[in-house]
Participant: 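Below is the structure I would like to discuss, written out as structure tokens.
Everything numeric here is computed off the predicted structure, so don't read it as measured data.
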Amino acid sequence: MSKEITITLPDGSQKQAPVGISGLEIANMIGAGLAKAAVAFSVNGEQRDLSDVVSQDADISIFTIESDEGLEIMRHTVAAQVLARAIKNLYPKAKLAIGPTIENGFYYDFLSDERVSIDDLPKIEKEMEKIVSEKSVITKTIHSKKEAIKSFADAKEDYKVKIIEDSEQEDNFQLYNQGDTGFIDLCRGPHLPSLEKVGAFKLTKIAGAYWKGDSQNEMLSRIYGTAWKNEKDLKKYLTLLEEAEKRDHRKLAKEMDLFHLQEEAPGMVFWHAKGWSIYVALQNYIRNKQIANGYKEINTPLVVDRKLWEASGHWDKYRENMFITEIDEEHANEKRVNALKPMNCPCHVQVYNQGLKSYKDLPVRLAEFGSCHRYEASGTMHGLMRVRGFTQDDGHIFCTEDQIESETADFISLLSEIYTELGFESFDIKLSTRPETRVGSDEVWDKAETALENAIKKLDIPYTVEAGDGAFYGPKLDFVLTDAIGREWQCGTFQADFNLPDRLDAEYIGEDGAKHQPVMMHRAILGSFERFIGILIENYSGKLPLWLAPIQLSILTVTEEANEFAMTLKEKFNAINLRVELDDRNEKIGYKIREHSNAKVPLMAVIGKEEMAAGTVSIRNLRENETNTYSIDEAVELLSNDSSPPN
RNA sequence: GCUCAUAUAGCUCAGCGGUAGAGCACUUGCUUGGUAAGUAAGAGGUCACCGGUUCAAGUCCGGUUAUGAGCUCCA
């Protein structure tokens, strides 16, 4: 029997160690500095507490707070040991639920009779600091299910008891103790060996959350926090949050006079002239791209009889999200129930179904800027990002199963081109495959999933597979883009549909002279214009590229004497379809520059006696804050090139 | 839809039982000023809506609607 084991470190080096060596002892073997900095370790990829022992040959990594793993462990300890105990200290009757880590931080859910509000966070934070300053050592004990349940039942921690009862595990329940404070917590671990290693943290918000995430269950209080290895990182993160707040499209849109929302039409946008100008520019850009890529643009009714929605299946499956309208019997021969379309697909099938289609006609690519209405739950609305009335850059491709692969490839390359031209450098693809309940034969699913996957592989784009996440009617691709501050937005989609062509009797005549059913591909690149414009505003902090900016150039006069010259310039720029505004108010030039800068006008032409005398234009660029002087002809030439959409 | 919070001038906000306030914006003077706020005066409000308590309600209480942060949802 060997008394030694071999441990392999991440760099491949190996060390001999006695059986039963602890994580901390291994760290010490490597170096005293590491042992001091260590917060946890992993055995064959599984995270463990430093006090845990190793009794077999294993791959070992030691984590410090510098690593992502170490940071996450620290956040976990702040939640489960520090925040949880602070809650119990301040609200002894509170019942603790769960306290996991999330991106950049953690939260803790608990039930409390006493109301806890945002104003209580400083108090809780102070209690947390007190707990941390005690520098308690964290130890754990292992218990059977029965013992664990008894411990938490004694502590009146109902949720912990439920968690243990619902667990399939019979023993090895880990209870963490904090020094001799008497505080215990159930946890998978690992935790910091001591609260001494806690970094800088801050509680950020408080909100309600359902127990186990089920809206049937009771609502718990949830406190969110963030934690970092030191004050500097914490500060950096808080600054980033402030930056994100400054980019909020709702705030910028008010400053830029783009749109508003009001009570009488919740979730529906009142576009102002400047916002609509962005919308129109974006729509024309997409329109041209689609026509150049073989799509035919169509337009279908907003209000459609329930019969079509019954046929398509929406009346059954989607009704609670639909706006229903009735025609008064006084005004019609019969009472008719209609719905505002929540999707364009059934209408597109109607267009497809007009006239007999041959296999030679396929693929048929129909596109529509389809205005849709969906009754979203009241709490889900958010500026332009989540609305009840919106317009999709929708399209449906009717094709044969054999054409799915090439249509997928064409679609991805179009989408990629458009995202790049709109200023987004990268996007991810998610492939969602067959769910348990579905329509269509397994052979058809095999074929479609393979076709989608092959297309991505051939284009050599990385993707992830979300097994079982597809819609019941077919597999799909989702496209997630990353914005300037690293946030991800799911926008584009490409979905196969074996269901709707069947329900709505779409068919074509094949080479064999018989009727066949086409596959329908639903696709969108922006998703919704409303939401995408919101994303663009936030991505650019309102400083949109010249071709999208509502006002592209403001002409600012320095003195009244230059007004006439400025007016002739405005006419010259108008003639090349530039969106120009003349500011000849009786104000100082610094004042005008400030105002137009705040309105995010990308270019400003400052016109005074000098320009008048020389017949030149001085153009100041908002993004770079730089000024260049051009002759009038140069300026006209330059701007007529720079202001057109990418192609 | 659920929990909590919020709703006062065009905007951002203060006022929290005793007949409405600031800054910016707006209007009108003065100022003609060269690259991010010149100056003075003036005008501007059913204090979201409905009900209750009170001698008296932006102010306290209840309800409604909308908005915000989360949760749930987003075939």
Participant: Students often get this wrong, so: under 4.0 angstrom with heavy atoms, is A:Y107 touching a base, only sugar-phosphate, or nothing?
Facilitator: nothing

Participant: What's the closest nucleotide to the A:V558 side chain, out of B:U35, B:G33, B:G1?
Facilitator: B:G33

Participant: Starting from the C-alpha separation in whole Å, work towards a yes-or-no answer on side chain to side chain contact (heavy atoms under 4.5 Å, CB included) for A:R434 and A:E449.
Facilitator: CA-CA 8 Å; A:R434 69 193 77 185; A:E449 285 173 0; 2.8 Å; yes

Participant: Mind checking A:G213 for me? I need base, sugar-phosphate or nothing, with any heavy atom below 4.0 Å counting as a touch.
Facilitator: sugar-phosphate

Participant: Over how many whole Å does the gap from A:M381 atom CE to B:G70 atom P extend?
Facilitator: 16 Å

Participant: Does the side chain to side chain donor-acceptor pair (under 3.5 Å) test come out yes or no for A:E626 and A:N621, once each step is laid out?
Facilitator: CA-CA 5 Å; A:E626 264 175 20; A:N621 186 305; over 6 Å; no

Participant: Mind calculating the distance between CG (A:D109) and C1' (B:C2) to the nearest angstrom?
Facilitator: 14 Å

Participant: Using atom P in both nucleotides, what's the gap between B:U12 and B:A7 to the nearest angstrom?
Facilitator: 13 Å

Participant: What nucleotide, of B:A75, B:G34, B:C2, holds the atom closest to the side chain of A:E611?
Facilitator: B:G34

Participant: Using a 4.0 Å heavy-atom cut-off across all strands, classify A:E595 as base, sugar-phosphate, or nothing.
Facilitator: nothing

Participant: Check the angle between the aromatic planes of A:H522 and A:H396 and answer parallel, tilted or perpendicular using the 30° and 60° thresholds.
Facilitator: perpendicular

Participant: Ignoring the backbone of A:Y224, work out which of B:G38, B:U72, B:G70 is nearest its side chain.
Facilitator: B:G70

Participant: Taking B:G52 as the reference, what is the distance to B:G58 when you measure between their P atoms (whole Å, please)?
Facilitator: 14 Å

Participant: Report yes if at least one side-chain N or O of A:K205 is closer than 4.0 Å to OP1 or OP2 of B:G70; otherwise report no.
Facilitator: yes

Participant: Can you tell me the distance, in whole Å, between the NZ atom of A:K543 and the P atom of B:A36?
Facilitator: 13 Å

Participant: Mind telling me whether A:F532 and A:Y419 have parallel, tilted or perpendicular rings, with 30° and 60° as the class edges?
Facilitator: parallel

Participant: OP1, OP2 of B:U35 versus side-chain N and O of A:H596: anything below 4.0 Å?
Facilitator: no

Participant: Does a nitrogen or oxygen in the side chain of A:K254 sit under 4.0 Å from OP1 or OP2 of B:G10?
Facilitator: no

Participant: For atom P, what is the distance between B:U64 and B:C4, given to the nearest Å?
Facilitator: 13 Å

Participant: Does A:R388 count as lying over the ring of A:Y375, i.e. NZ or CZ under 6.0 Å from the six-ring centre, within 45 degrees of the axis?
Facilitator: yes

Participant: Considering every strand and a 4.0 Å limit on heavy-atom distances, what is the contact class for A:G590: base, sugar-phosphate, or nothing?
Facilitator: sugar-phosphate

Participant: May I ask you to say what A:N321 touches in the nucleic acid, namely base, sugar-phosphate or nothing, with a heavy-atom cut-off under 4.0 Å?
Facilitator: nothing

Participant: Suppose you measure atom C1' in B:U27 against the same atom in B:G34; what distance do you get, rounded to whole Å?
Facilitator: 27 Å

Participant: Going by purine N1 to pyrimidine N3 plus the second Watson-Crick contact, or the G-U wobble pair, all under 3.5 Å, which nucleotide sits opposite B:C60?
Facilitator: B:G52

Participant: Taking atom types as they are modelled, is there a donor-acceptor pair under 3.5 Å from the base of B:C4 to the side chain of A:R222?
Facilitator: no

Participant: Whom does B:C47 pair with, Watson-Crick or G-U wobble, provided both distances fall under 3.5 Å?
Facilitator: none

Participant: Please verify the inter-ring angle class for A:F424 with A:Y540; under 30° counts as parallel, over 60° as perpendicular, anything in between as tilted.
Facilitator: tilted

Participant: At less than 4.0 Å, is any side-chain N or O atom of A:S117 found next to OP1 or OP2 of B:C4? Yes or no.
Facilitator: no

Participant: Tell me whether the guanidinium CZ or amine NZ of A:R222 lies under 6.0 angstrom from the six-membered ring centre of A:Y107 and within 45° of its axis.
Facilitator: yes

Participant: Output yes when at least one side-chain N/O atom of A:R620 is less than 4.0 Å from OP1 or OP2 of B:A36, else no.
Facilitator: yes

Participant: Can you find a side chain N or O atom of A:R585 that sits less than 4.0 Å from OP1 or OP2 on B:C26?
Facilitator: yes

Participant: Is there a side-chain contact between A:Y591 and the phosphate of B:A25, meaning an N or O under 4.0 Å from OP1 or OP2?
Facilitator: yes

Participant: Heavy atoms only, 4.0 Å cut-off, all strands: where does A:G383 land among base, sugar-phosphate and nothing?
Facilitator: sugar-phosphate

Participant: Have a look at B:G58 and give me syn or anti from its glycosidic angle (syn if within 90° of zero).
Facilitator: syn

Participant: When you measure from the centre of the six-membered ring of A:Y159, is the NZ or CZ of A:K95 under 6.0 Å away and within 45° of the axis?
Facilitator: no

Participant: CG of A:D214 versus C1' of B:C2: gap in Å, rounded?
Facilitator: 12 Å

Participant: Touch check for A:M343, heavy atoms < 4.0 angstrom, all strands: base, sugar-phosphate only, or nothing?
Facilitator: base

Participant: Would you mind classifying the nucleic acid contact of A:M604 as base, sugar-phosphate or nothing, using non-hydrogen atoms under 4.0 angstrom?
Facilitator: nothing

Participant: Taking only the P atom of each, what is the distance from B:U8 to B:A48 in whole angstrom?
Facilitator: 6 Å

Participant: With a 3.5 angstrom cut-off on both distances, give the Watson-Crick or G-U wobble partner of B:C11, or none if there isn't one.
Facilitator: B:G23

Participant: Take the protein atom CD of A:E587 and the nucleotide atom C1' of B:U39, then report the distance between them rounded to whole Å.
Facilitator: 11 Å

Participant: Please confirm whether any donor atom in the side chain of A:T559 sits under 3.5 Å from an acceptor in the base of B:U32, or the reverse.
Facilitator: yes

Participant: Can you measure A:R386 atom CZ to B:U67 atom P for me and round it to whole angstrom units?
Facilitator: 13 Å

Participant: Assess A:K202 against A:Y237: is NZ or CZ under 6.0 Å from the centre of the six-membered ring, and within 45 degrees of the ring's axis?
Facilitator: no

Participant: Counting heavy atoms from C-beta on, name the nucleotide in B:G33, B:A69, B:G1 closest to the side chain of A:T380.
Facilitator: B:G1

Participant: Reckon A:I589 touches a base, only the sugar-phosphate, or nothing at all at heavy-atom distances under 4.0 Å?
Facilitator: sugar-phosphate

Participant: Of all the nucleotides listed (B:A75, B:G34, B:A66), which has the minimum atom distance to the side chain of A:H314?
Facilitator: B:A75

Participant: Determine: side-chain N/O of A:R250 to OP1/OP2 of B:A69, distance under 4.0 Å, yes or no.
Facilitator: yes

Participant: What nucleotide among B:C71, B:A66, B:U32 has an atom nearest to a side-chain atom of A:E263?
Facilitator: B:A66

Participant: Give a yes or no on this: more than 12 heavy atoms of other residues, nucleotides or ligands lie within 6.0 Å of atom NZ of A:K126.
Facilitator: no

Participant: Is B:U39 paired to anything, Watson-Crick or G-U wobble with both distances less than 3.5 Å, and if yes, which nucleotide?
Facilitator: B:G29

Participant: Distance check needed: B:G68 C1' versus A:H382 NE2, whole Å only.
Facilitator: 9 Å

Participant: Now, which nucleotide makes the Watson-Crick or G-U wobble pair with B:C4, with each of the two distances under 3.5 Å?
Facilitator: B:G68

Participant: Determine the Euclidean distance between corresponding C1' atoms of B:G21 and B:G45; express it in Å to zero decimal places.
Facilitator: 11 Å

Participant: Can you tell me which nucleotide in B:C73, B:A75, B:G34 comes closest to the side chain of A:E610?
Facilitator: B:G34

Participant: Please report, rounded to the nearest Å, how far the C1' atom of B:A25 is from the CE atom of A:M256.
Facilitator: 18 Å

Participant: Can you find a donor-acceptor pair, distance only, under 3.5 Å between A:Y210 side chain and B:G1 base?
Facilitator: yes

